[in-house]
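Read through the structure below, which is laid out as structure tokens, and then see the notes.
The chains referred to below are lettered A, B, ... by the order of the sequence lines, with proteins before strands, and numbering in each begins at 1.
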Amino acid sequence: MTIATTRTTALQTVKLVKEFHGFRATNDVTLDIMEGEIHAIIGPNGAGKTTLFNLLSGFLKPTSGEVRLFGERIETLQPFQIVRRGLSRSFQISSVFPTMTVRENVLVALQSPSGLPFQFWTPLHKLEALGPQADAILADVGLADSYSRLAADLSHGEKRQLEIGISLTQNPKVLLLDEPTSGMGSEGIARVIELVRQVARGRTVVLVEHNMSVVSELTDRITVLQYGAVIASGKYDDVRRDPQVIEAYLGDEAHA
Amino acid sequence: MTAPTDALSQSRAARHNRAAWLVGLGLLLLILPRLIYPVLALDVLAWGLFAVAFDLLFGFAGLLSFGHAAFWGTSAYVTGYLLGHGQSVPVAMLAGTLSAGLLAVPIAFLSVRSAGIYFSMITLAFGQMLSFLALQWTDFTGGENGLQGFARPNFMGLDFSNATVRYYFCLALFGVGFYIAYRAIRSPFGETLKAVRDNEQRAQSIGYNPNRFKFTAFVISATLAGLAGSMNVFGHGVVSLDAVNWKTSGEVVMMTLLGGTTTLFGPVVGAGIVSLLQDRVTSSNLPTGIVTGLVFVLVVLFFRRGVVGTLQHWMRRK
């Protein structure tokens, strides 16, 4: 497939460093993630994948270096400001609003960009205007039939689906997914792969993932982290042949 | 798609449930001065609104304030002081209420940055500061003697020397305060507050600034606590150091838990139970603290959701 126009960089880091008490969890990471690609960040446990995600989404501030979203520097912004600029994330541990129903979870997220949240003179049923949008998102993530259940009562897999749904409410240009298949069976994984493919249309998706079959099936390019530093980056098939990567991480799977 | 209609009918059932509680409680409050003596009924109103205000912050924003007496008490002193200096009842009460809201601005600003026990400790510290200030600043507060003997000049033909008249005047104010709390909870603002309470990290990652919502909830809560404090002064005609004492902060926590947090009506019921109980026990030979404490322990043990919370739970299961 040839792409006629030059693709722009959606998300970029320049010499990104995060130190915790002298320990470098993120070590000089320079990354370019192109608009429209699905990019996986992989690496052994403790390689700094989640730290990197927290830096990209504003939950951590870097010790030094830059994060750019479509060219604009965002590393000093608060998470909610970064969301408003078009980058939304999910969490490694399912992160929903447990005391609300599935539908309310999506509604409360949908009202965020609408300017409604500070209106306490607006009756709650006015939110119903966002209902069709909420139902569409629930249908997209496969939760249309669970709309009235409490989020706390969902299964692990359903919570992950809801999480992605909540992230989608922000209509992000860049979506960060932290281990979307963790703790799932093969059926759930197949479902998530389909879901990620679907939400990636017209979006840039960055995911942290341990499951190599998911990575090979979904991604355009991958980046391998070890000890907080990038040791390889490129197409999956190229990276898996990189001796340093085989040594560090892929090991058995690359030989298999 | 069938989903939306179903969701709507479900919330309609919930709305009917709320309406039933509202009508029941409203009727009870209307006839309350016939059931118990009017000054005690005034207590129920003032403490009831105080508890509703407290639960707006505790139940819906997840912030346990241990210093809410600061707002109740500040308003009480301002109201009493102004009444003692010839101001009319509405002016004094309004000024008291606003002073509580104003005081809340810096306290909320500093405290909502912390969560959990740290938030509680910071609010307790501010509460204690204010309590010492009230003890020392005798020109304004009367120190140990408090403020008393001030006039409650009649207003628009209302005879405020009559406790029943005072009760119905306060009932109207209670209605206003309760409605404001209701609106704050049953609105997009309230939904966002719950989202922040449930999962602050997630709320941030859908574009919400949690501190802004907590701050706003705090100031509304404190202002309503101020309105309640001014009602109490207006009702009794005295202000004592108790108004800013930490025990007052603790009492409102107890009332709210007793009635049922996040139930909207629960805090009012809790305030009613505690007020009546204290009244009965005080006129007997039993030790007040031990009896109310015992009731509190029993309710917490056997009705974890509080009185109203447990009733609602039973009704929903049926």
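When the shell of 6.0 Å around CZ of Arg197(A) is examined, it contains more than 12 heavy atoms from other residues, nucleotides or ligands. Phe20(A) CZ: more than 12 foreign heavy atoms inside a 6.0 Å radius. Taking a 6.0 Å sphere around OH of Tyr182(B), one finds it holds more than 12 heavy atoms contributed by other residues, nucleotides or ligands. Enclosure of atom CG in Asp145(A) is not indicated, since only 12 or fewer non-hydrogen atoms of other residues, nucleotides or ligands lie within 6.0 angstrom. Annotation for Arg191(A): atom CZ does not count as buried by contact number, only 12 or fewer foreign heavy atoms lying within 6.0 Å.
Put simply, of Arg84(A), Glu163(A), Glu104(A), the one with the most heavy-atom pairs under 4.5 Å next to chain B is Glu163(A). Taking Pro172(A), Pro79(A), Ser90(A) one by one and counting their heavy-atom pairs under 4.5 Å with chain B, the maximum is reached by Pro79(A).
A distance of 8.5 Å separates CG in Asn105(A) from CD1 in Ile206(B), rounded to the nearest 0.5 Å.
Using a distance-only test at 3.5 Å, with no hydrogens or angles considered, no donor-acceptor pair links the side chain of Gln170(A) to the main chain of Gly207(B). Within the 3.5 Å criterion, the main-chain N or O of Phe97(A) finds no donor-acceptor partner in the side chain of Asn199(B).
Heavy atoms of Arg89(A) lying under 4.5 Å from chain B belong to its backbone as well as its side chain. The parts of Thr99(A) that come within reach of chain B are both its backbone and its side chain, each placing non-hydrogen atoms under 4.5 angstrom from that chain.
Between Asp198(B) and Met100(A), the shortest heavy-atom distance links the atoms OD2-N, 4.0 Å. The shortest heavy-atom contact between Ser88(A) and Ser205(B) is OG-O, 3.9 Å.
Side chains of Lys194(B) and Val108(A) form no contact here, defined as non-hydrogen atoms less than 4.5 Å apart. Taking 4.5 Å as the limit, every side-chain heavy atom of Asn209(B) sits out of range of all side-chain heavy atoms of Gln78(A). Here the side chains of Gln111(A) and Tyr208(B) are in contact, with some heavy-atom distance below 4.5 Å. Between Ile166(A) and Arg202(B), the closest side-chain pair of non-hydrogen atoms falls below 4.5 Å.
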